[in-house]
2 protein chains.
Amino acid sequence: MITAKNCIIRLSRYKNALYRLQTLGFVKVFSDNLADAVGVTAAVVRKDFSVFGISGNKKGGYQIEILLEKINSILGKDRLQKVIVIGAGHIGSALMRYRGFEKEGIKIAAGFDIDPAKINRYNALPILPLEEVKDFIKSQGIKIAILAVPDIAAQEVLDLVCSCGIKGILNFAPLRLISPEGCIVNNVNLEIELENLIYFVNVAEKTK
Amino acid sequence: MITAKNCIIRLSRYKNALYRLQTLGFVKVFSDNLADAVGVTAAVVRKDFSVFGISGNKKGGYQIEILLEKINSILGKDRLQKVIVIGAGHIGSALMRYRGFEKEGIKIAAGFDIDPAKINRYNALPILPLEEVKDFIKSQGIKIAILAVPDIAAQEVLDLVCSCGIKGILNFAPLRLISPEGCIVNNVNLEIELENLIYFVNVAEKTK
DNA sequence: ATCATAATGTTACTTTTTTCACAATAACAA
DNA sequence: TTGTTATTGTGAAAAAAGTAACATTATGAT
């Protein structure tokens, strides 16, 4: 199914909102509740659902449980997703320790680094030398890698892991990487996020 | 000036690309070089520039140095931006140690946490108790805060810092926060970034 | 059984963003 | 000086995203 990136991001947000509503004891939800929860209009919610053939009831809205099942299935969350982290520096280590992923069914299977001092083979979350990444990816069937290496090394590491079968990369290095056909790169650029915020705060100050 | 968020993000990317080109010894640049570097078309580059009244030379392209000056001025990078980090957990600590910000003229002035064990008042980058955040924001004139606190505390901390004069928040908690008029929130949601990547990798697998 | 109501699902409309195309023009060569 | 070329700057066209409106229909009340 061919779909806009924004639409999928909203799907994730709906999912998160639905879990919160479920925790609060709700069983069903209306498009405008969800709209409020994620900050869009009700029409967008219904349209997004219609794109994926998700339907509700003319008066009763949507059953949260069924909705979550469908969204989770679309997002591939009906099975555990194993990822690896390359780079055990500040950001990489923080990501490896971050608990937010596992409650989303995302398991960090291992970390990798070139610095021998960072290797820790017998940890619950092992940190392995980068030379072993190929075998690991192959044997564990890993498709997704998080790249948290210095800028200068990013492209090289991307080429390496793509040649080992990685299909998707979440890149934290603040530069645009060139990926081979068949490998998707999503960027998280913290500097740019901050710059953007600074810009809009400044604009707001000036127009005040 | 009223402008789309995407346009500002591209401006940041142009800037980064320009610095790289400058390092490589280039003095001038054409719209299609920049377009390649950030992954858009040349027309977008020229249009973005025209929005901000940035002009080049028919035939000669753009002088990188002048271009950088203008972009930096638009992005507010002609002066040091001081920010604070709230939450000294895994992500917060990693951000405080991250060197990427300072080379962008962004200085983390202090970290804050409620856990007394995390306080370290005499460090180069002090970590202070959250009670002191108000005085700090006021006395240092801080406008931007990075929020790296547990989900459950995020809204409360946002309300607190906004009441102290914070105008912009970069939020790492994976939920939508409600901010008062006059305070902008940008979200960095790592789970959603990964989910998104997983979705598109799965789609690519299926359609293969 | 019938009616009123409330929410969906979809179609048509509007706005925004992107792409395309090309006139204008600065630089350089002959 | 004249002509050629390369690149900008922009206006029009196309595509995408978002909004609004409303016909449809399930639900519950009378």
Side-chain angles (χ1 to χ4, degrees), chain A residues 1-14 17-18 21 26-71 74 176 192 196 199-200 203, chain B residues 1-14 17-18 21 26-71 74 176 192 196 199-200 203:
Chain A
M1 190 176 309
I2 183 167
T3 314
K5 183 167 175 177
N6 282 345
C7 181
I8 305 300
I9 289 178
R10 285 197 298 267
L11 226 47
S12 284
R13 295 197 206 281
Y14 300 146
L18 287 167
L21 290 168
F26 289 91
V27 171
K28 65 182 188 180
V29 69
F30 303 117
S31 56
D32 60 338
N33 304 140
L34 267 178
D36 284 351
V38 317
V40 297
T41 64
V44 169
V45 175
R46 296 200 296 273
K47 222 169 197 182
D48 285 342
F49 287 177
S50 105
V51 167
F52 292 103
I54 295 175
S55 57
N57 306 309
K58 278 282 148 65
K59 202 160 172 184
Y62 304 84
Q63 294 292 118
I64 292 180
E65 199 172 334
I66 296 171
L67 203 45
L68 275 171
E69 253 171 47
K70 288 182 179 170
I71 293 177
I74 292 164
R176 181 178 144 78
I192 286 185
N196 196 262
Y199 173 82
F200 284 103
V203 168
Chain B
M1 189 175 310
I2 181 166
T3 313
K5 181 167 177 177
N6 281 343
C7 183
I8 305 300
I9 288 178
R10 284 196 299 266
L11 225 48
S12 285
R13 295 196 206 281
Y14 300 145
L18 286 167
L21 289 168
F26 288 92
V27 172
K28 65 181 190 180
V29 69
F30 304 116
S31 56
D32 61 337
N33 303 142
L34 267 179
D36 284 353
V38 317
V40 297
T41 63
V44 169
V45 175
R46 296 200 297 272
K47 262 231 165 108
D48 284 343
F49 288 177
S50 104
V51 167
F52 293 102
I54 295 174
S55 58
N57 307 307
K58 297 274 152 80
K59 205 152 180 188
Y62 305 84
Q63 293 292 118
I64 291 181
E65 200 173 334
I66 296 171
L67 202 44
L68 274 171
E69 253 170 48
K70 289 183 178 170
I71 293 178
I74 292 164
R176 182 179 142 78
I192 286 184
N196 196 263
Y199 172 82
F200 284 103
V203 168

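Note on naming: letters A, B, ... go to the chains in the order of the sequence lines (proteins, then strands), and numbering restarts at 1 for each one.
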Is the phosphate of dG9(D), meaning OP1 or OP2, less than 4.0 Å from a side-chain N or O of Ser50(B)? no

Contact class for Tyr62(A) vs. all strands (heavy atom < 4.0 Å): base, sugar-phosphate, or nothing? sugar-phosphate

Ring pair (Phe, Tyr, Trp, His ring centres under 6.0 Å) partner of Tyr14(B), the single match among Phe49(B), Phe52(B), Tyr62(B): Phe49(B)

Asp48(B) CG to dT16(C) P, in whole Å, measures 16 Å

Nearest-nucleotide wise, let me know which of Lys5(B) and Asp32(A) is further upstream toward the 5' end of DNA chain C. Asp32(A)

Between Ile9(A) (CD1) and dG18(D) (P), how many Å, whole number? 11 Å

Show the nearest heavy-atom pair for residues Val40(A) and Arg10(A), with the distance to one decimal. CG1-CD, 3.8 Å

Both Ala43(A) and Gly61(B) contact DNA chain D. Taking the nearest nucleotide for each, which residue is further toward the 5' end? Gly61(B)

Nucleotide dT11(C), atom P - distance to NZ of Lys47(A) in whole Å: 10 Å

For Ser31(A) and Arg46(A), the nearest pair of non-hydrogen atoms, with its separation, is OG-NH1, 3.0 Å

Which nucleotide in dA20(D), dT19(C), dT17(C) has an atom nearest any side-chain atom of Ala4(B): dT17(C)

Between Asn57(A) and Gly60(B), whichever has its closest DNA chain D nucleotide further toward 5' is Gly60(B)

Here the distance between atom C1' of dT10(C) and atom CZ of Phe52(A), to the nearest Å, is 17 Å

Tell me whether Glu65(A) at atom CD has more than 12 heavy atoms from other residues, nucleotides or ligands lying less than 6.0 Å away. no

Take atom CD of Gln63(B) and atom P of dT8(D), then tell me their distance rounded to the nearest Å. 12 Å

Can you identify which nucleotide, out of dT19(C), dA7(C), dT18(C), has its nearest atom closest to the Asn6(B) side chain? dT18(C)

As a test of reading the structure: which of dT8(D), dT10(D), dT8(C) is closest to the side chain of Phe30(B), going by heavy atoms? dT8(D)

Do Lys59(A) side-chain and dT5(C) base share a donor-acceptor contact under 3.5 Å? yes

Rounded distance (Å) that lies between atom P of dA26(D) and atom NZ of Lys28(A): 15 Å

What is the separation between atom CZ on Phe49(A) and atom P on dG9(C), rounded to the nearest whole Å? 9 Å

Measuring to OP1 and OP2 of dA21(C), would you say a side-chain N or O of Arg46(B) lies under 4.0 angstrom away? no

Taking the side chain from Asn33(A) and the backbone from Phe30(A), do they hold a donor-acceptor pair closer than 3.5 Å? yes

Ranking dA12(C), dT7(D), dT24(D) by distance to the side chain of Lys58(B), first place goes to dT7(D)

